[in-house]
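Comments concern the structure below.
Every chain is numbered from 1 and lettered A, B, ... according to where its sequence line falls, protein lines coming before strand lines.
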2 protein chains.
Amino acid sequence: MESRIDTIKQQLQSQGYKLTPQREATVRVLLENEEDHLSAEDVFMLVKEKAPEIGLATVYRTLELLSELHVVQKLNFGDGVARYDLRGDSSKHHHHHLICVQCGTMQEILDDWLGPLEERLAQEYNFHVLDHRLDFQGICNKCQEKESKQGQ
Amino acid sequence: MESRIDTIKQQLQSQGYKLTPQREATVRVLLENEEDHLSAEDVFMLVKEKAPEIGLATVYRTLELLSELHVVQKLNFGDGVARYDLRGDSSKHHHHHLICVQCGTMQEILDDWLGPLEERLAQEYNFHVLDHRLDFQGICNKCQEKESKQGQ
DNA sequence: ATCCGTGCAAACCCTTTGCACCGGA
DNA sequence: TCCGGTGCAAAGGGTTTGCACGGAT
């Protein structure tokens, strides 16, 4: 964990940015909640527990900065708020989402199923893929059970 | 085209809604620009040409209504505005997007490459897929050419 | 007379920005 | 003394909502 902070510190410094206490607190929150997809507000509230004097604007600025440096990935599930995901190892950033339209939960699929498609895109469409996003909307496990129980 | 309006009219009426002049004008704009992914503002401006007295709120309400009835699909490319797509035939709604991060253009792929994946999801994750979205971010054909010319 | 649908403007929410201030090089 | 980074509050942009009006049933 400390090593990952160091890595990020170096990424910042290599571009002329500092790992300020506020930025470090923000990064730590992201590291500690790596499984979630936190919104800026989520991050803000969690950071406030450690560093109560921090401002929301700083969190936004930090997330924006980390996003530009590709330390985090900005996600958008269409619910009106941006969410932020640490890009761990390069292998981790290719994942997909199952979004339940009933209960709103979101599950991740860590496999990357799109490698072959990206090749096909390069060949057929001359499109150089930098990133992709694959989200499925549907009804999750639990909501299906609930439905069938309530139904009859 | 008239037949498609009729179909939509029936979809509305079956749920107790009317195809008002404003709604019809909105639907016609969507039909006439089926290839594009119009934002609410886009639709508003185009509808205004035909029905200058219409209000933006009505357009939003109409698009929301059509979205609930699955006449249109609300899309979100992460650029901060919702976009709306007519769901033509069932075959048409499964498509993917190539979004160029340099020039912002968006190209559609009409193939549906995800059929097998959806089956796999149902089996492995017990997730009932209603819809999906697959967007690729990258550099398009033309921007690649520009880059290589400018580069050296 | 009721009620859905509308236009307008205000409210809303998330996000960005202007500005004065601080603290390290 | 710079200058990047910060907190605060205000502004911004897209979207939603409250409200009174109008038109169809």
Report task. Determine: side-chain N/O of B/Thr20 to OP1/OP2 of C/dT6, distance under 4.0 Å, yes or no. Result -> yes
OP1 or OP2 of C/dG5 versus the side-chain N and O atoms of B/Thr58: is any pair under 4.0 Å? no
If you check the [X] side chain, which of [options] turns out closest?
X       : options               : result
A/Lys74 : C/dT16, D/dT15, C/dG5 : C/dT16
A/Val81 : C/dT15, D/dG14, C/dG5 : C/dT15
A/Arg23 : D/dG5, C/dC14, C/dG5  : D/dG5

Taking the six-membered ring for Trp, are A/His132 and A/His96 parallel (under 30°), tilted (30 to 60°) or perpendicular (over 60°)?
tilted
Mind calculating the distance between [atom1] ([X]) and [atom2] ([N]) to the nearest angstrom?
X       : N      : atom1 : atom2 : value
A/Leu75 : C/dT15 : CG    : P     : 12 Å
B/Tyr60 : C/dA9  : OH    : P     : 17 Å
B/Lys48 : C/dG7  : NZ    : P     : 9 Å
B/Gln22 : D/dC21 : CD    : P     : 18 Å
A/Leu19 : D/dG5  : CG    : P     : 11 Å

To the nearest 0.5 Å, what is the distance between [atom1] ([X]) and [atom2] ([Y])?
X        : Y        : atom1 : atom2 : result
A/Leu30  : A/Ile8   : CG    : CD1   : 8.0 Å
A/Arg120 : A/Tyr125 : CZ    : OH    : 7.5 Å
B/Leu98  : B/Asp135 : CG    : CG    : 9.0 Å

Of B/Leu65 and A/Leu56, the one whose nearest nucleotide on DNA chain C sits closer to the 5' end is B/Leu65
Sub-3.5 Å pairs of nitrogen or oxygen atoms, protein against nucleotides 17-20 of chain C:
from: C/dG18; atom 1: O6; to: A/Arg61; atom 2: NH1; distance (Å): 3.4

task: Run the salt-bridge test on B/Arg28 and B/Glu2 with the 4.0 Å N-O cut-off and return the result as yes or no.
output: yes
